[in-house]
K.L.:
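Questions regarding the structure given below will be posed in turn.
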Amino acid sequence: MKRGQSLSRWNSLQARESRLAWLLTSPTALIVFGLIIFPAIFSIWISFHDVTLRNLNDVFHAPFVGWKNYVRVVNDFAFKFQNFRQWGAAVTSVVYSFASTFLTVLIGLVAALLLNKPFRGRGATRAIFLFPYVAPIVSVAFVWRWILDPRPSGVLNDVLMRLGLIGAPKAYLATRGLALLIVIVFEAWRYFPFAMLMILARLQAIDKTLYEAASVDGAGGWHKFRFITLSELRYVLGAVFLLRLIWTFNKFDDIFLLTGGGFGTNVLPVLTYQFSFGAYNFGKGAANAMILLTILLVFLLVYVRTVMRSTD
Amino acid sequence: MRENVRIGRNTSSSSERLNLIERLARSITWPRFIFAVTLTFFICSILFPFYWMVSSSFKSYAEIGGRHPVYVPGALRLDAYRELFDPNDPNFQNFGRNILNSVKVAVPTAVIAVILSTLGAYAVARLRFRGKGVLVNGILLVYLFPAVLLIIPLFAVFSQIGLKLGFSVQDNIPVLIITYLAQTIPVALYMLANYFRTIPAEIEQAGLIDGCSRMGVIWRITLPLSVPALVSVAIYTFMIAWNEFLYALVFLNSRSMFTMPIKINTIFNSPSPQPHVVMAASTVMTVPVVILFLALERFLEKGLTAGGVKG
Amino acid sequence: MKRSVVYALLIGLLLAVGIGAYAADKTVVEFWTTDNEPDRVAAYEAVAARFMADNPGIEVKIVPVDEASISQRISTARAANQLPDIVRMGIERVASFSADGILDENAAEAVINSIGKTDFRAGPLNMVIDPATGKYAAVPYDGWIQAIWYRADLFKEAGLTPPVSWADINAAADKLPGTGGLLYALTLATDPGQNYGQQVFEQVAMSNDAWPFDEDGNVTMNTPEMIAALRFYTDLQRAAVPGPQYWRGAREAYELGQAGMLFYSTYIMDDLVEGSGMEAGGKVQIPIEDLPGKTGFAPKMVGPNGSASYGQLVTLGIMEGADPAAQKVVEYFLTGQNYQDILALAPFGKVPVLKSAVDGWKELSPYFAHYSNETLDQIANGFETMQRWLFRPGYDATERAVIGDIEGRKLIPQVISNIALEGIMTPESAAAWLQEQVEAMLAERK
């Protein structure tokens, strides 16, 4: 009897809670669904159809072409790996994303370690460390381009020539191979503060007594670092690596503004842009983006299964 | 006895000297040295590009076009700034308009993002409802889709809606704001939800028992306790909207509607470019965000990371 | 917060979207122009203002657009079903756009007939014909011709003949560096991201009778003529400015007396007098006295298998779905003083397509006085002798669209950079690669 009464009351409470929750989340759900999920599904649809400038305003009647766009993308000279000089956008994307994310996390770790213990001016230093991340991409990209300018008025050229290391000015962003390295370094320079903040927060939360206990046991600095610090950080390092990898893989602005995709720095997002707006083949562009997404998903699955599981 | 005194004095002064040197030697230990060098390296490599940006904005044409880069401008010339802001300058860029546009986009985005993500985060943190699992686990998956991909369908969809409801998709600031909201709310919701979970539920229970509605609880209890997180979300969202490039490039067509990044890009690509003007515009664009971060920096760490990645 | 507040916010959001609403009921003619420097835009707006004064009820909106972002903007406008009414575009875009069916050809025909076909030069009219329909796809507006501009004084000093034939050019490449303080003979178009390479190389290729397609529609990129053209051009890097270069570096090198030759359009002519704008800002301080007087002009290139000159025709395209008022606007911009006002923005780079406008045009710049009458006439008549891969008679719409794609994907500049700068391709391997790519593009278009 009493149980029945309390059950119905509980139900109505639960129901009200649910309704409230839906109300609170519906604007968000609507925006995210309407602006991301739906266009994404639509893109998948486009990738299987022939969409060009001709029928772009009437997309729903575009002819279905099955896998043709995907085949065209995979065989495209800009996409596939041709030889060790021309890696193609697919391989370049993977190399670029992994290398720059790894470097970002590494530098973020170093920066977090630097800021971990108090010192005079720590607050100001931490603030300065944030600069590359909060500054607009437009400004930092153009500054870097100027510094790397191939004429004698470029800063790097001037410095190296004055030091006598090079004889004539070099075009750094126009040298295949070197351009990719520079872009990777740029990514790490720009995004390490994100990694640093995440790692630092976790670092500061590590129980100090662990270190004391280890000292008592006679452990040295490096030993303490390896077995305490790193193991406590494993989860956050893994999470940061994953997040940054996804974001870097999808990044368009940075490479577009630095090199436009030339001299071996072409990556899949920039190639998508080139297919869609350069060759007006939106089906191909969508297919390219789908391939990008698939690579990312595969990695995500593998990563979550192996790395993330083992840290819990 | 005199000798003793002399010896005593000598010993004490030389031992003082020894102590000083000893102290110096001891303080320059390997770890400290590496620390100092690394720190200096970091600070220099971070600050140099910004120094270059600001100092170049004060250079004259001659200093820019010379055979060697000028590291310290001869005088603080305002030529570049004049081109940006002075209507009487022959190359007037009307940059003030672009600043206004950026503000018109970034501020509403930040405000609305905070409101919506707060509501959503509260629901995720405190309430039980069907689909919660999907929301919690799936919300960050939206970042898997590259922006470049979404542009064309987004455009097509929006314009169909726009035709029916009578608004234009291009050069439309509210439309741009909504696209930014879609980009920022997921991560904002995630961060806030994590933060809300660290607030002990008992406090809110107490409020509920006292007769507050859920909304009342949010407004009176949760929000005041979450100020660091809210500020972080606001700043973070503002920064993303302020700096955003691709969507602004695609959605804004007419010069007078450009936000700052697009205008800077246009100046950079103009047939007779003026790099110092580009640098001046970049400086103007960078300073507000940096100041905002510096001023509210103490909130950042608490807000962004509390409860988030504690393992 | 009360529930009602939440509702209010939601409604407010929707309202905000609506407030951005545009009353879509005025007659607005949207005119996109790539003449996007502030002073040029002002000139367009002045003409538009006069039009609007004469035609109340029609609003003409001038929208300056970056040349580089036209493709993207047209695409997104198309997706939104909001193409502009008039777009100023080069002839290569006309080929792609008409193949994609987004140009209103009837409107173009109407405007051309209204102004009078006989007033138009024959060359430009022929270039804008859509081979699929036989109609004019866009309205010709202005253009320029390309030439090798060279230091006639130093050529004489070195005993060289003007750089017309491949042999002349090679001889100049060998003799010029070192003559009269020159460091280089010329600047090659080695920047793979700029279409300057496409423009220059086309002339070289055509002068050797190397074309992308033959009469039967086969792709002919991998032919001995094309390979020879690639070899000739890229070998010139031995005497050229190092690093990736495009028109800006080329003209700076010529004006600063570092290089003796320059592939450039007639746009250079006023720059030779007063110094062009530099990448680093400011103007080039020309160290050479009377550079225009010392500069020779060689628009025709003679190769082993033919001869060719290259140029550009810029048109005003009326887009599909444009308001009929757009035709009036286009006609207005081609009439009398209005036309002259626009041509005056860069008289050397804007050669009129209307015979009736030539006399007025010659008055437009004091710099014209620096050049000989013969040179000026050659320029005014340039449209008649100009050739492009696009305009080989007999190319159908698909082939023209593919040529537009070749240009759009910057195949030629990439190949030149690969051979001349990076050495990762040879003329033979480049020709084979080009063959492969163009065949793929043709297959895609079919």
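In what follows, chains are A, B, ... by sequence order, proteins preceding strands, each numbered from 1. Every value quoted in this text rests on a predicted model; they were computed, and no experiment measured them.
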K.L.:
Given that the side chain runs from C-beta out, which part of A/V143 has a heavy atom under 4.5 Å from chain B: side chain, backbone, both or neither?
P.N.:
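Contact with chain B is through both the backbone and side chain of A/V143.
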K.L.:
Could you tell me which portion of A/L115 (side chain, backbone, both or neither) has an atom closer than 4.5 angstrom to a non-hydrogen atom of chain B?
P.N.:
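A/L115 has no heavy atom closer than 4.5 Å to chain B.
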K.L.:
Answer with side chain, backbone, both or neither: which region of A/L292 has an atom nearer than 4.5 Å to a non-hydrogen atom of chain B?
P.N.:
side chain
K.L.:
Using a cut-off of 6.0 Å, state whether more than 12 heavy atoms not belonging to B/F41 lie near its atom CZ.
P.N.:
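Open: at most 12 neighbouring heavy atoms sit under 6.0 Å from CZ of B/F41.
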K.L.:
Could you verify whether a donor N or O on one side chain and an acceptor N or O on the other, from A/T272 and A/N288, lie under 3.5 Å apart?
P.N.:
yes
K.L.:
Which bit of A/I206 comes within less than 4.5 Å of chain B, counting heavy atoms only: side chain, backbone, both or neither?
P.N.:
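For A/I206, there is no contact with chain B at all, as no heavy atom is under 4.5 Å.
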K.L.:
Would you verify whether the NZ or CZ of B/K263 falls within 45 degrees of the ring axis of B/F258 while also being under 6.0 Å from that six-membered ring's centre?
P.N.:
no
K.L.:
Tell me if the aromatic rings of A/F192 and B/F42 count as close, with their centers under 6.0 Å from one another.
P.N.:
yes
K.L.:
A/L233 versus chain B, heavy atoms under 4.5 Å apart: side chain, backbone, both or neither?
P.N.:
neither
K.L.:
Less than 4.0 Å between a side-chain N and a carboxylate O, is that true for A/R145 and A/D149?
P.N.:
no
K.L.:
Please classify the contact of A/L113 with chain B as side chain, backbone, both or neither, using a heavy-atom distance under 4.5 Å.
P.N.:
neither
K.L.:
With a 4.5 angstrom heavy-atom cut-off, could you sort out which part of A/F38 is near chain B: side chain, backbone, both or neither?
P.N.:
side chain
